[in-house]
Amino acid sequence: DTWQAARALMGFVHGQFKYESNATSVHTHMRDVLRERRGVCQDFAHVLIGLCRALKIPALYASGYLATEAASATHAWVEVLIPGIGWRAMDPTNNRQTDETYVKIAVGRDYADVAPIKGVIYSTGQSQELAVAVDVVRLSPSLTAMTSADASSGSDCGSVSARFRRALKRAPGPRRGARARRGPGP
């Protein structure tokens with residue numbers, strides 16, 4: 001079936017390619033990744049997407065954060081369309097299905113669709129530096145249930161968002177923070 005085929009492809013990518021920090025950049029051509037059989041999470045995602053599409057399995061590139069104690073960079077994974085079920089996410093870099101520790105920021109056809117920074121900067125020529133910080137806050141079970149119920153009932157997104165912000169302000173417990181840098185990573 002489609003899900004088992006996608007999982008087999010994910011296992012193949014994970015087994016045949018070596019994760020190596022800074023081995024590639026967003027400008028590295030896919031032929032170089034395939035020849036060297038090493039790269040970063042965005043490369044693993046692109047290879048899996050290509051394999052899925054070759055087998056006529058619709059696949060998308062997902063970008064966000066993997067919430068760990070040492071979350072320090074963006075992460076990339078893949079979503080595949082399973083007939084009769086919908087989109088399911090999988091992480092070829094870690095050879096696993098995604099879970100609540102994955103924070104999705106954007107989804108598109110490939111990295112170019114979801115690049116964290118796009119646009120034009122008008123400046124006086126002075127150097128600019130971008131710093132990004134991400135706080136990951138574990139939601140209480142009641143808050144998670146509330147947002148899930150709102151989403152499945154087709155509630156207006158604005159009202160869900162307002163209720164979410166109010167509930168988040170009331171969420172108990174200390175905030176756990178994670179610093180993040182721009183660019184791909186594990």
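Computed from a predicted structure; not experimentally measured. Quick note: numbers below take in every heavy atom, side chains included, and nothing from hydrogens, waters or symmetry partners.
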Are [X] and [Y] linked, directly or through other ILVMFWY residues, by side chains that come within less than 4.5 angstrom of each other?
X     : Y     : value
Leu51 : Val33 : yes
Val47 : Leu60 : no
Ile85 : Ile57 : yes
Leu55 : Phe44 : yes

What heavy-atom pair brings [X] and [Y] nearest, and what distance separates the two atoms?
X      : Y      : result
Cys41  : Ala76  : SG-N, 3.4 Å
Ile105 : Gly64  : CG1-CA, 3.5 Å
Ala59  : Val78  : CB-CG1, 4.1 Å
His75  : Tyr102 : CD2-CE2, 3.9 Å
Cys52  : Val80  : SG-CG1, 3.9 Å
Leu34  : Phe17  : CD2-CZ, 3.8 Å

- prompt: Can you tell me how far the OH atom of Tyr19 sits from the CG atom of Asn95, to the nearest 0.5 Å?
  reply: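 Tyr19 atom OH to Asn95 atom CG measures 15.5 Å (nearest 0.5 Å).
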task: Hey, could you give me the CZ/CD distance between Arg37 and Gln16, rounded to the nearest 0.5 Å?
output: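 Arg37 CZ to Gln16 CD: 5.0 Å, rounded to 0.5 Å.
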ask   = Can any side-chain N or O of Asp32 pair as donor or acceptor with the backbone N or O of Thr28 at less than 3.5 Å?
value =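 Side chain of Asp32 to backbone of Thr28, a donor-acceptor pair under 3.5 Å: no, none is there.
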- Within the distance-only criterion (no hydrogens, no angle test), does the side chain of Asp110 pair as donor or acceptor with the backbone N or O of Ala112 below 3.5 angstrom?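 Checking the backbone N and O of Ala112 against the side chain of Asp110, a donor-acceptor pair under 3.5 Å is found.
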- Item | Pairs involving residues 43-54, ordered by first then second residue, that meet side-chain hydrogen bond (donor to acceptor under 3.5 Å, both in side chains) (sequence neighbours left out) |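 Matches after skipping sequence neighbours: Thr24-Asp43.
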Report task. Mind jotting down which residue pairs meet the salt bridge (charged side-chain N to carboxylate O under 4.0 Å, His left out) criterion with at least one end in residues 74-93? Sequence neighbours excluded, please. Result ->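 Sorted pair list: Glu79-Lys104.
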Counting C-beta onward and ignoring hydrogens, is there a side-chain heavy-atom pair between [X] and [Y] closer than 4.5 Å?
X      : Y      : answer
Trp77  : Gln42  : no
Tyr111 : Val26  : yes
Tyr61  : Asp113 : no
Val107 : Ser63  : no

Taking only distance into account, with no hydrogens and no angle test, what donor-acceptor pairs under 3.5 Å do side-chain atoms of residues 5-15 form with protein atoms, sequence neighbours excluded?
residue	atom	partner	partner atom	Å
His14	ND1	Pro92	O	3.1
His14	ND1	Thr93	O	3.0

Note to self: Run Asn94 and Leu66 through side-chain contact (heavy atoms from CB on, under 4.5 Å) and show every step you take.
What the structure shows: CA-CA 11 Å; Asn94 294 302; Leu66 180 54; 3.8 Å; yes
